[in-house]
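These notes are about the structure you will find just below.
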Amino acid sequence: MRNLKAELQRALEQALALLGVEESVDVPVQPTPPDRPGDYGTPVAFSLARVLRRPPAEIAQELAARVCLPPGVVGAEAAGGYVNFTVGLGELVRAATEPLRPPAPVGRRVLVEHTSVNPNKELHVGHLRNIALGDALSRILRYAGYEVQVLNYIDDTGRQVAETLFAVERYGLRYDGVTKYDHWVGQAYVRLHREMEDPRLREELEAGVRAVLHRLEAGELRSAVERVLRAQLDTMWRLGAEYDALVWESDLVREGLLQQALALLEHTPYVQRPREGKYAGALVMDTSSFVQGLEDPYLVLVRSDGTATYPAKDIAFQFWKMGLLQGLGFRPFTRQPSGRLLYTSHPEGDRSVRFGGCEETINVIDATQSYPQRVVRTALAVAGRPDLAEGAHHLAYETVTLEGRRISGRRGHTVSVDEVLDEAHRRARAVVAEKNPEHPDPESAAEQVGIGAVRFAMVKTEPRRQIDFRWEQALSFDGDSGPYVQYAHARAASILRRAEEAGVLTEEPDFAQATEYERPVARALLDFPDVVAAAAAQRTPHVLAQYLLDLAAAWNAYYNARRPDGSPATPVLQAPPGLRGVRLALVRQVRDVLRTGLELLGVPAPEVM
RNA sequence: GCGCCCGUAGCUCAGAGGACAGAGCGUUGGCCUCCGGAGCCAAAGGCCGCAGGUUCGAAUCCUGCCGGGCGCGCCA
């Protein structure tokens, strides 16, 4: 697609040279507000006023007169201090309908870690936000030209897993074969936590959990963990998320990465092993020169009993991600629904299958983990690699609450992802039956709409805003919703189908016949490349989601446009030859951009719904 | 106490220092003369938390205050 903004920017820079501006100034080019003349404008004259010591309006006048217009731009006029450009209608629509091409590779490797759910219970709505964000961001970065690795961390030596497996053992539970497996083990976990509230049983239960923990660390219970993991993966896949590799915490430890990471830190001036006082016998890191606002800047890496803390393992993982450490083996784990192979770290894995070693990492983890994430970053600097610390990002999203309360897996105050998706499917199924009773495959459409509604709701707001999960909101099918965008897409697809039936699909467009009705849609289409670039640069999918809503709205308005006498203003198939070609090209581009954008968000784009 | 994040319409939210602050939901009133009404058009609704400051220009940047969320364990 032609980049008119960039061309105008260059033209303005040249014009500035003619005006005698030598130093390089930033030349912003922005779309003009609605109901203003022109398509693009610049306020650059304001910032020049000081340099040139002349009033902005005068500078704008002269700029408008002197600027050499790119082809197809038919006018430049000064309005106050602004210079506004009008693009010829035909050229605007032609530019907007040029085939979409993904950006060229940028030659940067970026590693995205997301999901990373404890393998001990079913996924809940809090995880939903993590997966929706992480998956969308991975897709966006990949499209934007990055070489992306998507990792899902399996904390198989954590307390939660130990508690769950211990509970199953203690209660002598046998799988009923009916309940989804992750839900089934999750029940045992909740049951154990109820029992743990009894102080008399505390010690006995604690001993049992510790015993399981040791077996986990020895890798003895891997297949039990794997069974839970596979059930969870079914939910992740149903959401449309896929990964490149699973990294097991036990492998990180067994392969000696933890020891290597500690060795890198140990001899730096920031890491010590105090002989007396509060931290006697432990290995601690002094973070005071990197993190402010801590009462106590010392962070324990290795406890006085010799066991490593969770942050220590996180640090080792981060070091590996950025190539500071090597040594994990990988082998194929399973094939994912799209056919993409999923690898897993494994003691017997192949060391030549290379993951990790990225100069940039994005850890998708909720904002309550900001401090540990900060520590991980700090550790890179402590290890003498402040350059790597620069590339270590934490995508901190705020937590999801449920009816205003914090989600608690232990107390069972949650709604599971499976439950949400089933309900979304049910509601969508009812709407499909009502709106499109002839639908050839209503179940599949309902699934796509349901998933789309849920995922879109999770990514349409800024990550750092807290969201409260509410059914009506997450499962809304109208207004600012996924199905609204999906519907706009299906409507465009439907017109193109009919055009094909009528044999006019490939009609040659005569852009000279374009009308003012096409202008807003064309302008919206031209924004797409910038939006994707912004989403990638800011590492947030919400800008793309907001854009898709705008584009869908512009397209729907176009579709429904009326002449002053009330007759349809923008028929496509009934339009005269030539204009019909223009409109078909526009509709095709609307469909393609909506589809591409939805795919980047991981929202299905059904042709019929 | 210290640190990080958030305060924009009744509610949920957009708004890379630029033009009169925009959507959706809800409310009220309209639109099947077309290709999908999960749609469209219109109305009503604002001290952009408060007070200063920087700037030609501030919802946006800075400072202070107020309100809300989160974090600060030899837990994970």
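In the text below, chain A, chain B and the rest are named by the order of the sequence lines, each starting its count at 1.
- At the heavy-atom level, A/Thr368 lies under 4.0 Å from the strands shown only through sugar-phosphate atoms.
- Residue contacts for A/Glu295: at a heavy-atom cut-off of 4.0 Å it reaches a base atom on one of the strands shown.
- Comparing B/rG39, B/rC72, B/rC35 by their nearest atom to the side chain of A/Tyr371 picks out B/rC72.
- The residue A/Arg406 sits close only to the backbone: its heavy atoms come under 4.0 Å of sugar-phosphate atoms, none of a base.
- Within the nucleic acid shown, A/Thr32 comes within 4.0 Å of at least one base atom, counting heavy atoms only.
- Under 4.0 angstrom from either OP1 or OP2 of B/rG15 there lies at least one side-chain N or O belonging to A/His542.
- Stem list for RNA chain B (at least 3 consecutive Watson-Crick or G-U pairs, distances under 3.5 Å): B:1-7 with B:66-72, B:10-13 with B:22-25, B:27-31 with B:39-43, B:49-53 with B:61-65.
- Between A/Glu501 and A/Arg497 there is no salt bridge, since no side-chain N of the basic residue sits under 4.0 Å from a carboxylate O of the acidic one.
- Distance noted for atom P between B/rG3 and B/rG39: 47 Å (whole Å).
- You cannot call A/Tyr484 stacked on the base of B/rA38; the centres under 5.5 Å and planes under 30° rule is not satisfied.
- Distance from the side chain of A/Arg465 is smallest to B/rC6 among B/rC6, B/rG36, B/rA76.
- Ring-plane geometry between A/Tyr82 and A/Phe46 is classed as perpendicular, the angle between the planes exceeding 60 degrees on a 0 to 90 degree scale with a lower cut at 30.
- Across all strands shown, A/Val432 has heavy atoms under 4.0 Å from base atoms, whether or not it also approaches the sugar-phosphate.
- Nucleic acid contact class of A/Asp565 (heavy atoms, under 4.0 Å, all strands): base.
- A/Ala430 comes within contact range of no nucleotide atom at all, as no heavy-atom separation falls under 4.0 Å.
- Look at A/Tyr310 and you won't find any side-chain N or O under 4.0 angstrom from OP1 or OP2 of B/rA76.
- Among the atoms of the strands shown, only primed sugar atoms or phosphate atoms (P, OP1, OP2) are found under 4.0 Å from some heavy atom of A/Glu462.
- The nearest heavy atom of RNA chain B to A/Ala534 and to A/Thr461 marks one nucleotide each, and the one closer to the 5' end goes with A/Thr461.
- In this structure, the separation between NE2 on A/His489 and CG on A/Leu551 is 11.0 Å, given to the nearest 0.5 Å.
- Residue A/Tyr559 has a polar side-chain atom (N or O) positioned under 4.0 Å from OP1 or OP2 of B/rG37.
- Contact annotation for A/Val449: base contact, defined as any heavy-atom pair under 4.0 Å involving a base atom.
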